[in-house]
Amino acid sequence: MQPPLLPLLGHKAFSQTEPLKVGFIYIGTINDNGWNYAHNQGRLYMEQELGDAVESVFVENVAEGPDCERVMRELVQAGCKLIFATSFGYGDYVIKIAQQFPDVKFEHATGYQRSENVATYNARFYEGRAVCGTLAGHLSKTGKAGYIGSFPIPEVVMGVNAFVLAARKVNPEFTITPVYISTWNDPAREADAARAMIDQGIDVIAQHTDGPAALQVAEERGIVGGFGQGADMSAFAPKAQLTSIIDNWGPHYAATAKAVIDGTWESKDSWPGLKEGEVVIGDYNESIPDDVVAAAEAVKNGQIDGSMHIFTGPINDHTGAEKVAAGVTLTDADLLSMDWYVEGVIPPA
Amino acid sequence: MTAGRGWIAVALVVFASWRPFRLLAGAYLFGLVMTMELYAKAGGGPLTAIPSELWAAMPYLATIAVLVLISIRRDASTNAPACLGKPFLPSN
């Protein structure tokens, strides 16, 4: 169990031999079987890898707002020298509090703001989305997918676009309808959104929210299926989960903590993907025909060996105008500021 | 915690004048309106005629309307349980 999160009264001065204390803040609970679960698995991996050299604490259900600043301050006061803030909306507060504690290192997941002691890290989820989109293109009967998004930020828009680009390589008529629910974690709303989509003839659902609620609805309604997001969710939807995008944060957490201990940590942006193993494609559902699995594997392996990039032109935007010329690949900077939909996306009303 | 539904719950109780069956009906109605937003976003035919932002705002607009109506109705308190807000003192 983790030690209680209290200001350590009478705590000895932090010496070299003491373990590095690492704090994690999660937006949901560690048993959401998705995003937060995956981060917590990463934390456990870090502890296992570095043994006595680290010690970690975590705080769950930290809202994206002023309250996260208080939580981070408490973590610093409890002796944390490295803090992982694992949700997009913590960004502004991380920057603010990092100025007050220059000797503490902060790492913000999926963020874009860095400073002297704030680094950002992310994973190329869009690579996994391309694999899911390939499966959807082959398996969907109606050629319509739904995408439950939290907020229309580049991170999410990129996933929607990657999914439909991959699906349209298989079925050029394929469309995707994103529905934004303005929260990362509200199982009731995720499930309602999934029901609304299914009632409109959508038979594949992808979600960029934290839990398995949409997959459970997919299972219940018997549609073609959906995808695990963050972690394997087959326990909730053994028939409906076609595959899953698993976030493997452990190696990054272990390497970062190691760098802080060694004094080699620096503020940078880390954005690995399938190749580095930070994004992992889970098991394929056994109901999927072999040739479809082979097609998905080809997309996966193409992205691993670099022979394929899902954002290589020609790409049209949702109005049909050419946005990326043939043979041109979008740069990381283009991806991180993506504010347009590709052809095949039915933009939200 | 309540994902913005706290005030709606308060309004619902007043709206239903503390009667459980009316409350059920009211809760169903509010739930329906909240789901409409998702249907409108997912391309649900005629629902898309109203922007999804307006659907999203509707439960809250209804809440404000109900609270205003209730507060200008003079006999509102007669529907409330008689002992609501009175401290329980066994000696009395």
Side-chain angles (χ1 to χ4, degrees), chain A residues 27-29 60-65 67 142-152 160 175-207 209-211 213-214 217 221 223 318 344-349, chain B residues 1-70:
Chain A
I27 190 170
T29 61
E60 299 172 289
N61 289 321
V62 179
E64 290 179 325
D67 201 39
T142 59
K144 291 203 270 185
Y147 199 106
I148 303 173
S150 48
F151 305 93
V160 174
T175 61
I176 194 164
T177 306
V179 169
Y180 295 105
I181 60 168
S182 306
T183 170
W184 291 104
N185 189 5
D186 183 343
R189 232 167 132 62
E190 290 164 49
D192 279 345
R195 286 188 195 103
M197 288 171 169
I198 295 169
D199 289 344
Q200 305 306 321
I202 281 164
D203 68 355
V204 174
I205 294 176
Q207 79 277 14
T209 45
D210 294 347
V217 171
R221 298 283 287 265
I223 59 165
H318 75 270
V345 178
I346 301 170
Chain B
M1 271 313 236
T2 56
R5 288 166 207 143
W7 280 106
I8 292 181
V10 172
L12 255 179
V13 173
V14 182
F15 186 44
S17 0
W18 287 271
R19 301 207 179 146
F21 288 104
R22 280 197 205 170
L23 185 82
L24 266 179
Y28 203 80
L29 201 72
F30 271 94
L32 184 75
V33 174
M34 288 171 135
T35 318
M36 286 301 148
E37 179 209 344
L38 297 169
Y39 273 85
K41 283 180 174 170
L47 291 178
T48 48
I50 300 177
S52 62
E53 288 85 353
L54 195 57
W55 281 114
M58 238 177 252
Y60 303 96
L61 294 177
T63 301
I64 294 170
V66 166
L67 290 178
V68 168
L69 281 177
I70 294 290

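Per chain, numbering begins at 1; letters A, B, ... match sequence-line order.
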Audit row: B:L38, A:R189, side chain to side chain contact (heavy atoms under 4.5 Å, CB included) steps and yes/no: CA-CA 9 Å; B:L38 297 169; A:R189 232 167 132 62; 4.1 Å; yes

Contact origin within A:T183 toward chain B - heavy atom pairs under 4.5 Å: neither

With B:R19 via side chain to side chain donor-acceptor pair (under 3.5 Å) - residues at least two apart: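 Not a single residue meets the side chain to side chain donor-acceptor pair (under 3.5 Å) criterion with B:R19.
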
Side chain to side chain donor-acceptor pair (under 3.5 Å) partners of A:D199, counting only residues at least two apart: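 A:D199: side chain to side chain donor-acceptor pair (under 3.5 Å) contacts with A:R221, B:Y39.
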
Considering all heavy atoms, the nearest A:Q200-B:A42 contact: CG-O, 3.4 Å

Atom pair NZ/CD1 of B:K41 and A:I148 - distance to nearest 0.5 Å: 11.5 Å

